[in-house]
Amino acid sequence: MSRPEDILPPDLFYNDTESRKYTTSSRIQKIQSTMTHRALSLLSLSTPSLILDIGCGSGLSGEILSRPESEGTPGGPHIWFGSDISSSMLGIALEKEVDGDLFLADAGQGVPFRPGTFDAAISISAIQWLCNAESSEESPAGRLSRFFGGLYSSLRRGGRAVCQFYPKNEDQKKMVSQAAIKAGFGAGLLEDDPGTKNAKTYLVLTVGGGELDG
Amino acid sequence: MKLLTLNFLTCAIKTCKTQPASFPLHPRDAELEIVETDMNLPFLKNILPRLMWDELRTITSELGLPDLPPTPPTRSNLVEGGEKDAVAEEEEQEEVVEEPTQTAKDLHRILLETCIKEGKLVCGACGHEYKVMEGVANFLLPGHLV
Ligand SMILES: [Zn+2]
């Protein structure tokens, strides 16, 4: 199977047909939901928080963030803002009337929030797109640096971020985590089901030092 | 887009980020709507110290909404009986569900239920305009502004 990010940039790949396919596939929904819950458990939130969802797509993760603790969302219901580069995906989120505020934005251009805005950030299956340079004036390194720099400053001290992503290879995994560390984060990589075709990579980021024990 | 969000958004243009006038973004030609949502008192208590109150007042006045008080409420202003002494509060916390005060309800209305549906957000430093359509703000920048 070819990787979508090798074919087209996400705003072109996730056109209306692809967005709908992605959002209505029950297999994808289930995987997305499992990964969101995993990310939430790594964030360890104990109270309703302000969360940024990078690459929120049609709001599959956001719907989970909006649920109360009694429905399985630790610390919920959270208030979230979601950004995505695909207007088709955001269109579906609008149709579903998700609770979060939505932004059309390219994470590789930075994170336009004032310092210390968020308690936490989450990103599911999105940041591998940052490793693609879509035009000659951009480089993956520049995009990663703008993204992690902006994310770092937009989180409050003691805040956390969890980014699940699909690295193409070990080099890409290293490039992404190095970019996060360079931005100031404490970073750890966590792998579920390593070595299998269901392997999931989580980049767990902390602001304000402190080692991860995961 | 909730007014809460506008209290955290800044201009996305790199050269603008260090300019104080790049926050808050100013709504222009804004069409507002009220979207009712459940009261989330623990969230209000969490976010309160992070609000930039003067800037929130600026925005509500620019939108022609009723004036907010000059000083922000405190956490205890948000909870019914919140002024009680700490010991009593601690004893009660076990079972009692906290009730929001009118102050909390007003804050909920302004921050979480008052939304910009259509319009523009304008940077006070560089003048860049971010369009808002169906409540979604467009923060995609042309390559030369990144
Ligand atoms: Zn600006």
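Below, read A as the first sequence line, B as the second, and so on, with proteins coming before strands; counting in each chain starts at 1. In this text, all values refer to a predicted model and were calculated from it rather than measured experimentally. These numbers come from the heavy atoms of this one structure, side chains and all, not from hydrogens, waters or symmetry mates.
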- Query: Hey, are Asn132(A) and Arg143(A) close enough side-chain-wise for a donor-acceptor pair under 3.5 Å?
  - Reply: no

- Item | Among Val136(B), Leu4(B), Val35(B), residue most engaged with chain A (heavy-atom pairs, under 4.5 Å) | Val136(B)

- With chain A, the option among Leu112(B), Asn7(B), Leu9(B) that has the most non-hydrogen atom pairs under 4.5 Å is Leu9(B)

- Item | Ring centre gap for Phe113(A) and Phe103(A) strictly below 6.0 Å | yes

- Message: For Leu25(B), which atoms come within 4.5 Å of any heavy atom of chain A: side chain, backbone, both, or neither?
- Response: neither

- Item | Greatest number of heavy atom pairs closer than 4.5 Å to chain B - which of Gln109(A), His78(A), Glu97(A) | Gln109(A)

- Looking at Leu90(A), Leu94(A), Thr117(A), which makes the most heavy-atom pairs under 4.5 Å with chain B? Thr117(A)

- Near Lys168(A) NZ, under 6.0 Å, is it more than 12 heavy atoms from other residues, nucleotides or ligands? no

- Task: Flag the one option from Met1(B), Lys14(B), Arg50(B) with the top tally of heavy-atom pairs under 4.5 Å to chain A.
- Result: Arg50(B)

- Query: Any chance the side chains of Ser123(A) and Gln164(A) put a donor and an acceptor closer than 3.5 Å?
  - Reply: no

- Item | Pro167(A) and Phe165(A), any side-chain heavy atoms less than 4.5 Å apart | yes

- Item | Toward chain A, the part of Asp38(B) with a non-hydrogen atom under 4.5 Å | neither

- Query: Is it the side chain or the backbone of Lys17(B) that comes within 4.5 Å of chain A heavy atoms, both, or neither?
  - Reply: side chain

- Task: Indicate whether any N or O donor in one side chain lies under 3.5 Å from an N or O acceptor in the other, for Thr103(B) and Asp106(B).
- Result: no

- Item | Phe118(A) six-ring centre to Arg157(A) NZ/CZ under 6.0 Å and within 45° of normal | no

- Item | Interchain contact, Leu51(B) with chain A, by part (heavy-atom threshold 4.5 Å) | backbone

- Which region of Ser87(A), side chain (C-beta onward) or backbone (N, CA, C, O), has a non-hydrogen atom less than 4.5 Å from a non-hydrogen atom of chain B, or is it both or neither? neither

- Message: Can you confirm whether the side chains of Trp80(A) and Ser66(A) place a donor and an acceptor under 3.5 Å from each other?
- Response: yes

- Item | Asn138(B), part contacting chain A, at a heavy-atom distance under 4.5 Å | both

- chain A contact via Phe23(B) - which portion, at a heavy-atom distance below 4.5 Å: side chain

- Query: Does the pair Glu36(B)/Arg109(B) count as a salt bridge with the N-to-O cut at 4.0 Å?
  - Reply: yes

- Check whether Ile47(B) gets within reach of chain A through its side chain, its backbone, both or neither, counting any heavy atom under 4.5 Å. side chain

